[in-house]
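Written below as structure tokens is the structure these notes are about.
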Amino acid sequence: MSIPLCRPMCSTDIPPCVGSGAGSVQVHWVSEENYMFRLSSLRPDLLQWLQTDPIHPSVFHRVVSHWLEEELPDLSVSRQRSCLTWGIPVPSDSSHVIYVWLDALVNYLTAAGYPDPNLAPWGPATHLLGKDILRFHAIYWPAFLIAAGLPPPQKLLVHSHWTCGGTKMSKSLKNVVDPAECIRRYTKDGLRYFLLRHGAAERDCDFTHNTVCTLLNSELADALGGLLNRCTASNINPMQHFPHYHHESVPTTTHDQLHSLLKNLQKLPAEVDHWIRKFQVNKALESIDANIRRSNSFFQSQAPWKLQKGVEKEACWKDSVLYLTLESLRLYATLLLPAVPELATVALDRLGVPPNKRTLKGNSFFAATRGESCSFQGQIFGPDRGLLFPRLERSKKNTVRI
């Protein structure tokens, strides 16, 4: 791999002394000859790459665009071996060693198996990075690749940071959140859900145990878990199965509400896919939660527990309400599998969904409402494992327990 280098003299202006007292550090003016990467010559190429919209979220795309509005200085990529003995020697000049970012970033190619011609073209197309190293990955890294005749990354997904109680996490402040302790408190899926649901790549997000408790109770324990428990309970579903849907049983006063519910549910998979492709998982989970609440509202408004079994039309509508709600839950659990795999699996097991039906591909939902055949009508439930996600309780010391 050949990267264009030039070799000018560079001077580093450093104050002669940093700090004071016994702990002061003495520094000296230094001027040494280093190899420089011609970053300035690649600004047009970087601007052209930026037009492909490679950096997400857009707030960080704008940051990089602002950097490229000005000329880029060339980048020092070597140090004299007399000053730094552990680096990789510069090809054809053993008196210098490769320094920092050129060395570190090229490791991506090495880890991906470069120069194996079977790679397409050199590794993963999307790079995940923190906002604090944006310049190195959105300026230096694509410039190195372009200079070497390799394609730059197709996508950069940049994430912000987590704070704790509104403050940056720090060992000295003793406010670093222990993920192992969080898993013990909230389960793996509970912690995953909170981080994905509450986190947003474009801005710093705050972690507090109260926030975790409130969100998980509201969305996993009450909204999702509560709905599953209600429509699989033996007192309302004594046959423990998916009932049949009856078109003719829909009350006239419910047509508009049912139409709105089905319209939202049928477009939900595409909506979730849209947000995932834009790397906004929190928006995808927000969409799922909004529909779960619509299903809860529909179930509550139709009150199937009040419908009389001895009245044929009411009994048929009760079966239809249960069918709609159970199909909704099947859709939600399928969509949630990547985010909360264990929790979603428990829900799908309870619904009696076979493994080959736990995907969107080749799978249809609410088929009976369209007059189509639905294999889930009459499907027997799986085992009842109790509450899907037990509510979290706060103790007097503001800790959380299950």
Next on the checklist: Could you tell me if T163 and D206 have a donor-acceptor pair between their side chains, going purely by distance under 3.5 Å?
Outcome noted: yes

Next on the checklist: One pair to check against side chain to side chain contact (heavy atoms under 4.5 Å, CB included): E286 and W275. What are the steps and the verdict?
Outcome noted: CA-CA 10 Å; E286 181 181 336; W275 290 121; over 6 Å; no

Item to check | Validation row: C182, H209 side chains within 4.5 angstrom (heavy atoms) | outcome: yes

Checklist outcome for this item: To the nearest 0.5 Å, atom SG of C83 lies from atom NE2 of H96 at 9.0 Å

Item to check | Check: L157 and I55 side chains under 4.5 Å, non-hydrogen atoms | outcome: no

Item to check | Side chain Q379, main chain G352, donor-acceptor under 3.5 Å | outcome: yes

Checklist entry - What distance separates D74 CG from N34 CG, expressed to the nearest 0.5 Å? => result 12.5 Å

Checklist entry - If you draw a 6.0 Å radius around NE2 in H247, do more than 12 non-hydrogen atoms from other residues or ligands fall strictly inside? => result yes

Item to check | Backbone N/O of G190 and side chain of T187: donor-acceptor pair under 3.5 Å | outcome: yes

Checklist entry - Can you tell me how far CG of L261 sits from OG of S297, rounded to the nearest 0.5 angstrom? => result 9.0 Å

Checklist entry - Hey, is the main chain of Q257 close enough, under 3.5 Å, to the side chain of S260 for a donor-acceptor pair? => result no

Checklist entry - Does atom CG of D256 have more than 12 heavy-atom neighbours, drawn from other residues, nucleotides or ligands, at distances under 6.0 Å? => result no

Next on the checklist: When you compare the side chains of T211 and T208, does any donor N or O come within less than 3.5 Å of an acceptor on the partner?
Outcome noted: yes

Item to check | Where C164 and M169 come nearest, the two heavy atoms and their spacing | outcome: CB-CG, 3.9 Å

Next on the checklist: Can you confirm whether E342 sits close enough to K188 that some side-chain heavy atom of one is under 4.5 Å from a side-chain heavy atom of the other?
Outcome noted: yes

Next on the checklist: Counting C-beta onward and ignoring hydrogens, is there a side-chain heavy-atom pair between S65 and L50 closer than 4.5 Å?
Outcome noted: yes

Checklist entry - Y193 and E219: side-chain donor and acceptor closer than 3.5 Å? => result yes

Checklist entry - So, for Y108 and W141, is the gap between ring centers shorter than 6.0 Å? => result yes

Item to check | Donor-acceptor contact present, side-chain N175 to main-chain S170, <3.5 Å | outcome: yes

Item to check | Between F381 and H241, ring centroids under 6.0 Å | outcome: no

Checklist entry - Where do V64 and A138 come nearest, in terms of heavy atoms and distance? => result CG2-CB, 3.6 Å

Item to check | Gap separating the CD1 atom of I183 from the CG atom of D189, nearest 0.5 angstrom | outcome: 10.0 Å

Checklist entry - Looking at F376, is R330 sitting on its ring face, NZ or CZ under 6.0 Å from the six-membered ring centre and within 45 degrees of the normal? => result yes

Checklist entry - Is it the case that R293 and N296 place a side-chain donor and acceptor less than 3.5 Å from each other? => result no

Item to check | Given L105, D45, L150, V106, the one that forms side-chain contact (heavy atoms from CB on, under 4.5 Å) with L145 | outcome: L150

Checklist entry - Between S320 and S249, do the side chains contain an N or O donor and an N or O acceptor separated by less than 3.5 Å? => result yes

Checklist entry - Backbone N or O of Q308 within a donor-acceptor pair of the E314 side chain at under 3.5 Å? => result yes

Item to check | Closest contact, heavy atoms only, P269 versus L331 | outcome: CG-CD1, 4.0 Å

Next on the checklist: Parallel, tilted or perpendicular: which one describes the rings of F136 and W101, with boundaries at 30° and 60°?
Outcome noted: parallel

Item to check | Polar contact flag, side-chain donor to acceptor under 3.5 angstrom, D93-S95 | outcome: yes

Checklist entry - Between L102 and F144, what is the shortest heavy-atom contact and its length? => result CA-CE1, 3.6 Å

Next on the checklist: I need the H159 NE2 to L134 CG distance, nearest 0.5 Å.
Outcome noted: 11.0 Å

Checklist entry - Any chance CD of Q240 has more than 12 other-residue heavy atoms, nucleotides or ligands included, within less than 6.0 Å? => result yes

Item to check | Matching residue for Y323 among H246, Q377, H244 - test: side-chain contact (heavy atoms from CB on, under 4.5 Å) | outcome: Q377

Checklist entry - Can you find a heavy atom in the side chain of K131 that is under 4.5 Å from one in the side chain of H161? => result yes

Item to check | E248 atom CD, over 12 foreign heavy atoms within 6.0 Å | outcome: yes

Item to check | Least distance between heavy atoms, R81 atom then G87 atom | outcome: NH2-O, 4.2 Å

Item to check | P152 side chain near P54 side chain, heavy-atom distance below 4.5 Å | outcome: no

Item to check | Derivation of the ring-ring contact (aromatic ring centres under 6.0 Å, His included) call for Y245 and F366 | outcome: CA-CA 9 Å; Y245 181 79; F366 310 101; 9.5 Å; no

Checklist entry - Can you say whether the rings of F207 and F194 are parallel (under 30°), tilted (30 to 60°) or perpendicular (over 60°)? => result perpendicular

Checklist entry - Do D349 and R385 have side chains that get closer than 4.5 Å, going by heavy atoms? => result yes

Next on the checklist: Can you confirm whether H66 is buried at NE2, in the sense that more than 12 heavy atoms of other residues, nucleotides or ligands lie under 6.0 Å from that atom?
Outcome noted: no

Item to check | Check against side chain to side chain contact (heavy atoms under 4.5 Å, CB included), H255 and H259 | outcome: CA-CA 6 Å; H255 278 148; H259 176 75; over 6 Å; no

Checklist entry - Is S287 reaching over with its side chain to a backbone N or O of K283, donor-acceptor style, under 3.5 angstrom? => result yes

Checklist entry - Within the side chain of D103, is there an N or O that forms a donor-acceptor pair under 3.5 Å with the backbone of Y99? => result no

Checklist entry - Please walk me through it: do T232 and D384 pass side chain to side chain contact (heavy atoms under 4.5 Å, CB included)? => result CA-CA 9 Å; T232 58; D384 184 358; over 6 Å; no

Next on the checklist: Has D204 got a side-chain atom pairing as donor or acceptor with S160's backbone, closer than 3.5 angstrom?
Outcome noted: no

Checklist entry - Within a strict 4.5 Å, meaning less than it, do heavy atoms of the T126 and Q154 side chains meet? => result no

Checklist entry - For K155, does the NZ atom sit with more than 12 other heavy atoms under 6.0 Å from it, leaving out its own atoms? => result yes

Checklist entry - Can any side-chain N or O of R43 pair as donor or acceptor with the backbone N or O of E70 at less than 3.5 Å? => result yes

Next on the checklist: If you compare all heavy atoms of V176 against all heavy atoms of K171, which two are closest, and at what distance to 0.1 Å?
Outcome noted: CG2-N, 3.8 Å

Next on the checklist: Is it the case that the side chain of S328 and the backbone of S295 share a donor-acceptor pair, with hydrogens and angles ignored and the cut-off at 3.5 Å?
Outcome noted: no

Item to check | Straight-line distance of L224 CG to L343 CG, nearest 0.5 Å | outcome: 6.5 Å

Checklist entry - Given the rule in the side chain to side chain contact (heavy atoms under 4.5 Å, CB included) test, do L265 and F365 qualify, once you have shown the distances and angles that lead to the verdict? => result CA-CA 9 Å; L265 289 169; F365 298 85; over 6 Å; no

